[in-house]
Amino acid sequence: MAPTTAPTSKDELLHAAAREYKTLHDALKGLNETHLTRVWLARWSVKDIVAHISGWHREMIPALERMALGERPFAPGAGYEDVDAWNARFTAARTAASVTEVLLELDRSHEAFMRAAAGVPAARYEPGKTAWRIVDLNSAHHYKEHGDQIRAWRASQGV
């Protein structure tokens with residue numbers, strides 16, 4: 001069972017990310033290619049959801065790597081305020097990819113993201129601060145949000 005309080009340390013945050021990743025993976029189990037490509041969340045299918053999660057991983061890995069070196073995570077002027085545009089970019093980039101490629105990329109990007117997150121010194125992880133927000137929003141929080149959506153959709157469809 002997931003803890004009722006938000007993670008407050010680097011270790012807790014990384015453990016929450018690993019736990020929610022497994023839960024997200026469980027939500028994907030048993031879905032076939034038809035299920036994975038059926039659009040049901042606005043304009044998105046499960047494949048699109050997975051592609052956008054991987055896109056955020058890939059986008060945030062360099063920020064975490066810079067933080068591990070003691071640098072600022074983002075270049076001056078870099079911004080992620082228009083989340084919808086970034087999400088559209090991430091899903092569009094994987095439109096032609098097969099379901100298998102997108103699912104494998106999720107595993108690879110999660111592994112690389114977690115490795116980059118682990119490399120950031122614990123002192124940089126304080127709730128609400130940049131490292132904590134990058135990791136939480138692009139792992140545990142993200143996995144739970146979309147895992148819950150997928151489980152609800154599956155239940156509504158009897159899938």
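Counting from 1, the numbers follow the sequence of the chain as shown.
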Specify the closest pair of heavy atoms between [X] and [Y], including all atoms of both residues, with the distance to one decimal.
{"X": "F90", "Y": "E59", "value": "CZ-CB, 3.8 Å"}
{"X": "K47", "Y": "T37", "value": "CD-CG2, 4.3 Å"}
{"X": "A122", "Y": "K10", "value": "CA-CD, 3.8 Å"}
{"X": "H141", "Y": "L137", "value": "CD2-CD2, 3.9 Å"}
{"X": "M67", "Y": "P121", "value": "O-CD, 4.1 Å"}
{"X": "G147", "Y": "A27", "value": "O-CB, 4.1 Å"}

Between atom [atom1] of [X] and atom [atom2] of [Y], what is the distance when rounded to the nearest 0.5 Å?
{"X": "H35", "Y": "R154", "atom1": "NE2", "atom2": "CZ", "answer": "7.5 Å"}
{"X": "D148", "Y": "E20", "atom1": "CG", "atom2": "CD", "answer": "7.5 Å"}
{"X": "Y125", "Y": "I134", "atom1": "OH", "atom2": "CD1", "answer": "8.5 Å"}
{"X": "L64", "Y": "L69", "atom1": "CG", "atom2": "CG", "answer": "11.0 Å"}

- Does the distance from a Lys or Arg side-chain N to an Asp or Glu carboxylate O, for E105 and R94, drop under 4.0 Å? no

- Task: Starting from Y21, walk the hydrophobic network (Ile, Leu, Val, Met, Phe, Trp, Tyr; side-chain heavy atoms closer than 4.5 Å) and list everyone else you reach, by chain and number.
- Result: L24, L28, L31, L36, W40, L41, W44, V46, I49, V50, I53, V99, V102, L103, L106, Y143, I150, W153, V159

- Message: Using the rule given for side chain to side chain contact (heavy atoms under 4.5 Å, CB included), can you reason through F113 versus S139, listing the C-alpha separation, both sets of side-chain angles and the distance that settles it, and then say yes or no?
- Response: CA-CA 9 Å; F113 181 85; S139 64; 3.9 Å; yes

- Message: Suppose we screen for side-chain contact (heavy atoms from CB on, under 4.5 Å). Which residues come up paired with M114, at least two apart in sequence or across chains?
- Response: L14, A17, H110

- Does E81 have any side-chain contact (heavy atoms from CB on, under 4.5 Å) partners at least two apart in sequence or in another chain, and if so, which? none

- Item | Flag side-chain contact, heavy atom, 4.5 Å: H52 against W56 | yes

- Query: Does atom CZ of R151 have more than 12 heavy-atom neighbours, drawn from other residues, nucleotides or ligands, at distances under 6.0 Å?
  - Reply: yes

- CD/E101: more than 12 non-hydrogen atoms of other groups inside 6.0 Å: yes

- Task: Check for a donor-acceptor pair, side chain of D136 on one end and backbone N or O of W132 on the other, with a separation under 3.5 Å.
- Result: no

- Strictly by modelled atom types, are Q149 and H146 linked by a side-chain donor-acceptor pair under 3.5 Å? yes

- Task: Using distance alone, with no hydrogens and no angle criterion, decide if D48 and S45 have a side-chain donor and acceptor under 3.5 Å apart.
- Result: yes

- Audit row: H25, D107, side chain to side chain donor-acceptor pair (under 3.5 Å) steps and yes/no: CA-CA 9 Å; H25 244 271; D107 288 337; 2.6 Å; yes

